[in-house]
Novice: 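I'd like to ask some things about the structure below.
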Amino acid sequence: MLKGKIIALDLETNGLDPYHGDRAFCMGLKTNVGEKIYKRVTRESITWLKRMFNDASKTFVFHNAKFDLTMLMMEGIDPFSMKAHFDCTLTMSKVLRSTAQNHDLRTLTVKLLKRDPKDKDDIQTWIKQSTRAFNKEHGRKPGFNDAPEEMVKRRVLWDAESTLMLYQLLKPHVEDVCPHLYETERMLHLVCIDMERTGILIDITKAKQLRDKATKELERLQVDLDALVCPMTIIKKKKRKRKGETYIEEIPEEIISLNPGSSAIHLPAAFTKMGIPLKYRTESKKKSKGQPGRTGGGNWSFDEYAMVRYVSKPLAGVIRESSEEGWSVDKYYREVYRVLKKHKLHKRELLPPLILKHRELSKMISTYYSHLIDDCVDVKITPTGREIGVLHCKFNPSEAMTGRFSVSKPSLQNWPRLLGPRQCVIVRKGRRNWHSDYQQVEMKMFVHFARDKVMAKAISEDIHLTVAAKIYELPKKKVSSEQRKRAKGTNFGIIYGAGAKKIAETLTRKGLPTSEFEGKTLVAGYHRQFPSVRRTTQGLATELRRDGYIVNPFGRRYHIPSSLGYKSLNYMCQGTSADLMKAAMVKIWLWLRKHKLRSKMIMTIHDEIVLEVVRAEEKLVVPKMKELMEDLRSFFVPITVDFKVVSKRWSQKTNPEMEWFKKKVG
DNA sequence: ACAGTTAGCCC
DNA sequence: GTACGGGCTAACTGTC
């Protein structure tokens, strides 16, 4: 046994995905009394670790506890019943400075500890240098466990030592600044390990059916497109060098099949050939991760908004309606051809709608169906002959700068609400999935910060209608649906820090033409009616100028460069609702464990928590879920949740109609 | 192999 | 005088 009470532990693994076979192969430990141990992962070393994990006087420190604990779980160590305490330096760094771009061990160590990263980097250098030779000999790329052991040992010990040093540096700050927030984030490691382990049940047979159907439809689209534009000449550009001078050579090429995904080469050629003059260009985009500045832009644009402007009105209507209502491909096809015929449109008008549908279908296949089919594990055949499997997504509790969750490999949070993929998520036997979402939670946070009484009253009714009535100075009954939509756009625009111009532009893009002047009118009316909003924004700006950061009610700090001060309000609204939900997740998870219930938390989508509840536990779990989520009395407006229930497929989410639910939850 | 760009889905 | 927020993934494209 190690003598030190504080033990930094790092693992080296042969990959990052424990649910597809990646495993730890060695460990490095460094303690507060100077012990420094390197071990291979073996039965003996795991038993040795297990003993210390059961010692309540010890603290294990990780950099990303979720990862290392998951890997250890795969070796037979139960992270949920360990007696030792654990801490996580990654989490510490994130709660102290959510908005930093990078919290990885190397960056923090170099920046905060000024430590030479050579021992960490050597292994990557080795991999880069030996990839070719290794691949030739073994037929695969080298991983960390193929590197010389001396090198691996130096790296894992460097990691453990750095982790311990970061712990000693950051722990006092965390205790000082936001101990409760840190505790929530710390517990969230266990919640996520558990959610990832549980996974989502997938109907693979269904996914295959939907994929095959989409593939057939894709082929039909391809035939139509090729008949329309091919053969066609495209121009490929290649940089050439001659006599020290570089020049661009344009090589014409005859193609017989259009690639609708090639927006730089094929699409401009196709439009030109069909006699549609190119008109619209892409806008430059903001850089990601809160970086100032813009990037890209200026190329020919073929997104949906451009496409609806390339076709005549009736056809544009078909495109819009289809994407708003989630039409089937058959219906879309029928309508496109019907409208074309009815209005005697030129056949060139087929090009944009066919490309759009092609894009949608190939996205469905490659982003959604193929993962559902390929990434599932524990695949089984049900008695009825269906293939089902489990999908273990990765939950990242603090990947986003604001404190929001993200999900990856694959992401569960961006599945289309109207189209196929959600049909493939099914419920385990004897259970139902209860989705409970915070109603209008970001709006509520906004009202909380603004402390606006009119909005507070309206938030439990129809906030967008109320705001529309105020802006347009009309009785609610006289507000048109377009006015309400514009008010809604303004509400979100204000929270996102938009100006009048951008609000008008966004509304227009969404199919609700709005002039810049009207945008200005909207925003002016908004501030006239709700002066509290400007006060709130200015208050945050003052705080930011004074401290260099702003801090949300849970103690999370946002360091925002003054040039990006307009983001303050959004970070506060988004981040506070994220922290609210995280606190609820931990409370629910702990409660389920304390009462040894079999119901499981399986996912979260920003303002929504999903539990897979055993039927016999429903009357106990569902009301408690509501109670724990709504137990937040310190806000200016009541925080409430709404339930939906799923008994078979995620796509069939309904309002709960059970008597006990109406009586107990209401 | 890698980075930049576009596109499209979610809250 | 100013500005829509936060994510993930895939495909294409040109450069190293």
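Proteins come first, then strands; the chains are lettered A, B, ... in the order of their sequence lines, and each starts at number 1.
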Novice: Check DNA chain B against residues 550-559 of chain A and give the residues with a non-hydrogen atom under 4.0 Å, in numerical order.
Specialist: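 Correct list: empty, so none.
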Novice: For residues 495-504 of chain A, dump all side-chain donor-acceptor pairs below 3.5 Å to protein atoms at least two apart in sequence or in another chain.
Specialist:
residue: A:Lys502; atom: NZ; partner: A:Glu505; partner atom: OE2; Å: 3.2

Novice: Could you give all pairs that pass the salt bridge (charged side-chain N to carboxylate O under 4.0 Å, His left out) test and reach residues 251-262 of chain A, with sequence neighbours left out?
Specialist: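 Listed once each, the pairs are A:Lys236-A:Glu253.
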Novice: Are the charged groups of A:Arg359 and A:Asp303 less than 4.0 angstrom apart, N to O?
Specialist: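 Salt bridge: no.
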Novice: Just distance, no hydrogens or angles: give the donor-acceptor pairs under 3.5 Å from side chains in residues 571-580 of chain A, sequence neighbours left out.
Specialist:
residue: A:Gln574; atom: OE1; partner: A:Thr402; partner atom: OG1; Å: 2.7
residue: A:Thr576; atom: OG1; partner: A:Met572; partner atom: O; Å: 2.5
residue: A:Ser577; atom: OG; partner: A:Cys573; partner atom: O; Å: 2.6
residue: A:Ser577; atom: OG; partner: A:Gln574; partner atom: O; Å: 3.2
residue: A:Asp579; atom: OD1; partner: A:Arg556; partner atom: NE; Å: 3.3
residue: A:Asp579; atom: OD1; partner: A:Arg556; partner atom: NH2; Å: 2.8
residue: A:Asp579; atom: OD2; partner: A:Asn552; partner atom: ND2; Å: 2.9
residue: A:Asp579; atom: OD2; partner: A:Arg556; partner atom: NE; Å: 3.1

Novice: Test for a donor-acceptor pair under 3.5 Å between the base of C:dG5 and the side chain of A:Lys567, counting only N and O atoms.
Specialist: no
Novice: Once side chain to side chain contact (heavy atoms under 4.5 Å, CB included) is applied, do any residues pair with A:Ser651, and if so which ones, sequence neighbours excluded?
Specialist: A:Arg422, A:Gln423, A:Arg649
Novice: Categorize A:Leu356 for me: base, sugar-phosphate, or nothing, with a 4.0 angstrom heavy-atom threshold over every strand shown.
Specialist: sugar-phosphate
Novice: Does a distance-only test, which skips hydrogens and angles, find a donor-acceptor pair under 3.5 Å between the side chain of A:Arg404 and the base of B:dC11?
Specialist: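 Answer is yes: a donor-acceptor pair is held.
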Novice: With A:Lys485, which residues qualify under side chain to side chain contact (heavy atoms under 4.5 Å, CB included), at least two apart?
Specialist: A:Leu512
Novice: Contact list please: residues 489-518 of chain A against DNA chain C, heavy atoms, distance less than 4.0 Å, in numerical order.
Specialist: A:Gly493, A:Tyr496, A:Gly497, A:Ala498, A:Gly499, A:Lys502, A:Thr506
Novice: How would you list all residue pairs meeting salt bridge (charged side-chain N to carboxylate O under 4.0 Å, His left out) that involve residues 402-411 of chain A, not counting sequence neighbours?
Specialist: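 Sorted pair list: A:Arg404-A:Glu442.
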Novice: Checking A:Gln483 now: which residues fulfil side-chain hydrogen bond (donor to acceptor under 3.5 Å, both in side chains) with it, not counting sequence neighbours?
Specialist: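 Listed in chain order: A:Ser480.
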Novice: Side chain to side chain contact (heavy atoms under 4.5 Å, CB included) with A:Ala541: which residues, sequence neighbours excluded?
Specialist: A:Arg545
Novice: Between residues 394-403 of chain A and DNA chain C, which residues have a heavy-atom gap below 4.0 Å?
Specialist: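 Nucleic-acid contacts, sorted: A:Glu399, A:Ala400, A:Met401, A:Thr402.
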Novice: Which salt bridge (charged side-chain N to carboxylate O under 4.0 Å, His left out) pairs, counting each pair once, include a residue from residues 528-539 of chain A, with sequence neighbours left out?
Specialist: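 Of all non-adjacent pairs touching residues 528-539 of chain A, those that pass salt bridge (charged side-chain N to carboxylate O under 4.0 Å, His left out) are A:Glu473-A:Arg528.
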